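Read the structure below first, then the notes.
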Amino acid sequence: MSVTSNDFDEQEQEAIKNFRKYLMIPSVHPNINYDKCVEFLQEQADDIGLPCDMYTAVQGKPIVIITWLGTRPELPAVMLNSHMDVVPVYEDKWTHKPFDADMDDEGNIYARGSQDMKNVGIQYLEAIKRLKGLSVKLKRTIHVTFVPDEEIGGEDGMGKFVESDYFKKLNIGVAFDESMASSNDDFITFFGERSTWVFHIHCTGIVGHASNLVDNTAAQKLQFVINKLLNFRESERGKLKTDKNLIISDVTSINLTQIKGGIQANVIPPEFIATFDCRVPVTVDHNEWANTIEQWCKEAGEGVWVEYELKQPRVPVTLLNHSNPYWGALKTAAEELGIKLRTIICPGSTDAKYIRRVGLPAFGFSPMNNTPLLLHGHDEYLNVNVFLRGITIYCKIIETVGNIE
Ligand SMILES: [Zn+2]
């Protein structure tokens, strides 16, 4: 059976139109010009009849804030966040143009950003439009925020935003952000993240002619360090194999991603530098792990040290118990919708880390179930029915969370 526009009512057709329009803006890395996104979002806000403001911490990297005032604006507000940027494409690997937002006969809408995460940005706005249309009034103020640069770390977007006076004045109580598609009936909900560490291990040693077997070379030390770290990697892989309840974000991942050093085949080089990407779970004592790496460098011999390029702090998870009323409200909304939330620690990294870092609860929730995981992949698409259901789901969530006393 094929999907045609007759299958949708007027409201749905408008939502699909807006979704596709947003997808057609190529806000793709690198060097994004966000003007078209800002213009589009301003139009959307006008259309819904909501004020739209802009905050800029770094030139050319605007944050758009669309606000729906609550009847009790003194209560902490609800933030509905999404990022405007998308990752690059290998266009020749796509069967549809990545910024045409084509819909095929099955209702699959193809575009970069259809899952990550222009879908969610539009779902927030369409849900609010629907609630307003039904004359619903919420107690809490809702701020729908659209941020830049999430896909390149978010430092100049959400990173700076949470530190600003502007943000403090918004008096945010809870934030919603992205999660990812789930291949079964469940809806994946993120409540925490691992910390990303990127470090370079410098191994220095004796220089000489490569026809000799001199001791104390950079390579010997490099071998020691790599063995230690990759053996540790194997033990983490072992944990995943033996305990099927564990997922990748429950363990420490570590990967050797670069090795640099040497100038010529017959010269023993003075230094090798090995780069590792490591993701540290919240359950791991960060100091202890750093000490272990330090210790291995020491054991490797003289002239071996670790240099950190990135060492994200440990950020406590958002609590999923009765002490967190926002979690209670989200759970209630899910029960009333008859949907099952699968709460996990995010395997990657999102802007929610910045929100949790300033002590606020944050949930990652992109309502996509029975959908192949295509974020950052070729032929990224979202089925129109999944997209529309997400609006219904967000209507319920916004109403429930927005009415917490
Ligand atoms: Zn994303």
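If you're wondering where the values come from, they're calculated on a predicted model, not measured in any experiment. Basis for what follows: all heavy atoms, side chains included, without hydrogens, waters or symmetry-related copies. Order of appearance sets the numbers: ligands from 1, and atoms from 1 within every ligand.
Sorting the N, O or S atoms of Glu178 by how far they are from the Zn ion (ligand 1) puts OE1 first. Looking at His83, its N, O or S atom nearest to the Zn ion (ligand 1) turns out to be NE2. Atom OD1 is the N, O or S atom of Asp116 at the shortest distance from the Zn ion (ligand 1).
Using a cut-off of 4.0 Å between Lys/Arg side-chain N and Asp/Glu carboxylate O, Arg237 and Glu234 are scored as salt-bridged. Between Glu236 and Lys239 there is a salt bridge, since at least one side-chain N of the basic residue sits less than 4.0 Å from a carboxylate O of the acidic one.
Classification of the Tyr394-Tyr124 ring pair by plane angle, with boundaries at 30° and 60°, yields perpendicular.
No side-chain donor from either of Lys353 and Thr196 sits under 3.5 Å from a side-chain acceptor of the other.
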